[in-house]
Each structure stands twice: as C-alpha cells, then as structure tokens.
Amino acid sequence: MTWHVAEEDLRAYAQGELAPPLLWSADTHLVACARCRAVLAEVGDPVGLDAGWERLDAELDAPRPRLFESLLLRLGVADHTARLLAATPVLRRSWLGAVAAVLVMSVAAAHTTQATAAPTLFLALAPLLPLAGVALSYGPALDPTYEMAVVAPVHGFRLLMIRTVAVLVAGLGLNGLATLALPGFGLHALAWLLPALALTATGLALTARLGPVLAPSLVGGAWVALLLAARAQGAGTLVPFTAAGQGVAAAVAALAGGLLFLVRDRFDRFQGSAV
Ligand SMILES: [Zn+2]
C-alpha cells in the first residue's frame, strides 16, 4: 500500500468536514489501513467520529416499516440486502408520498382535459419520477446507509443495482396504479413506461461519467426539451408517445443498459479508488 490519507484530510474527516470524493476514498482506505486509523485517532476529534457512528446507528435502529423488510426476506432477499433496501431514503414515506401526489395531480389534470388523444401531462411527468428516485437514492447527502455502504464491502455497482431495482419497482408500481386510474385512454396511458426505462438507464449510464447530480439533471432536461419541441410541431399525440417514439425509447433503453453494463467498473472505482 503506497497511498495514505493526508493528515489534514484526516483532521477534516474527523470533524465531518471532508467532502466527496475524498471522503469516499478516506472511508474505504481507513477500513483497510491501520496506520491511517492510528493517525486519525491522534489528530482526530473523537467526538465527531463517534457522532458519525451514533448517527449511523440511530438511522439503522430507527423504527421503520418492518413489514417491508420482512416482505423482502420472504421474497428470498438476503437479510443485509433487505436491511439496506429498507433504509433506502427514497423508499420512505415522504418520497413515496410526493410521488403519489404528483401522480394524483397529473391524473386529475388528464381527467379534466379529456379532449386530447393522450393524457399528456401524466405521460410527460411519469417517466421523470423513476429517474429522480434513482438519482436521489445514489449519493451521501440523502442516504443514511451511505456510511454503512462504504464501510461494508458491498460493490458500488451491486449496491447501485439493488437500489435501482428497488426504486424502479416502487416508482413503476405507483405509475402503474395511476395508469389504472385512466381507463379511458386504454394502452395510450402506458406510453410512459418505455420512456421511463430509457431515461433511468441513460441517467445511470451518464452518472459514471458526469456524476450523480449533473447526469440525471441533463437527462431530465433533455426529456422536457424533447416534449416541448414535439409540442411545437403541432397538435395530437406527442412524438415520444407514438409507435415510432416508443420504438426509439426501447432502443435507447437497451443501448443505455448495455453502456451501463460496460462502465460498471467506474461505480466501484468511485468508492475504492484509494485502496
Ligand atoms: Zn493509510
């Protein structure tokens, strides 16, 4: 081992002031390096460090829907994976509540404008929700299990996939329920599904290069720009929700999925670059 955490970084780390990606490197490195742990113990303010662990303990021990966790266990999910999922912040009630509210509003809007061929606002918003959920589930700012994730030897990519699948299932499930509330539109109301998969996969694939904030923002912005451009072209069903648009969405989803698989190592290096 040739690299060690600089002493000033360890001081900042102990005070909880070290920012990613240095924080991730330090976290990962400290697990494996006794020498740096010793330096940390010397320079560090142990209160700050203890506070970090206490915060993590409190988060993990906080009462949360046991139902969800035991359901996952019953489905055959390994118990540490179930724990990570149950503590995923976007799966908490606040996020699900916000998603449900947006869906209810857009469904209501669709019902009041029955004149058009498709529930445009609902179709426009629905693909953004899984993208936002996955983006929010990846990053230290919102994630109480983040510290556990860097301390525990869970592969960055594996963790990302576990989170993504969980958030996608929750998001797509809610979107699906909203679709059931729009029976008048028939299959038209399902036209959000392929765009949702395309946006989420593209956002994740770009995250490896652009980071967890810029990538989903760009993808979301591009989606909105595309819809506005399609709307400017004329009335009727917007291009992304036509048969051709759906085919393009499926192709983009498949391409981005393949790209994501190719760059999967980057997510591990994200966390393990210093070891
Ligand atoms: Zn070291």
Side-chain angles (χ1 to χ4, degrees), residues 85 88-91 95-110 116-139 142 160-183 185-208 210 212-231 237-261:
L85 285 179
T88 299
V90 294
L91 295 176
W95 184 76
L96 292 178
V99 170
V102 170
L103 289 173
V104 166
M105 278 189 295
S106 49
V107 167
T116 51
T120 309
L121 182 64
F122 170 67
L123 290 180
L125 287 178
L128 288 174
L129 297 175
L131 173 71
V134 170
L136 289 176
S137 73
Y138 197 71
L142 289 141
L160 179 73
M161 284 299 102
I162 292 172
R163 289 282 170 78
T164 301
V165 169
V167 172
L168 267 183
V169 168
L172 297 182
L174 280 173
N175 279 356
L177 284 178
T179 306
L180 291 180
L182 295 166
F185 295 107
L187 283 178
H188 261 306
L190 266 179
W192 55 267
L193 181 59
L194 287 170
L197 292 175
L199 292 191
T200 308
T202 310
L204 280 174
L206 292 181
T207 291
L210 300 177
V213 176
L214 186 58
S217 308
L218 276 180
V219 172
W223 170 246
V224 172
L226 177 74
L227 290 177
L228 290 176
R231 184 166 198 168
T237 307
L238 296 183
V239 174
F241 308 123
T242 60
Q246 295 284 297
V248 171
V252 168
L255 275 177
L259 181 64
L260 182 60
F261 185 75

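All values derive from a computational prediction rather than experimental measurement.
Atom OG1 of T200 and atom CG of L260 lie 11.0 Å apart (nearest 0.5 Å). Atoms CG and CG, on L199 and L204 in that order, are 11.0 Å from each other to the nearest 0.5 Å. Note: L259 CG to L206 CG = 7.5 Å, rounded to the nearest 0.5 Å.
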Run the side-chain donor-acceptor check on residues 240-258: report pairs under 3.5 Å with partners two or more places apart or on a different chain.
residue	atom	partner	partner atom	Å
T242	OG1	V239	O	2.6
T242	OG1	G245	N	3.3
Q246	NE2	A191	O	2.9
Q246	NE2	P240	O	3.1

Side-chain donor-acceptor pairs under 3.5 Å in residues 213-226, sequence neighbours left out?
residue	atom	partner	partner atom	Å
S217	OG	V213	O	2.6
W223	NE1	A124	O	2.8

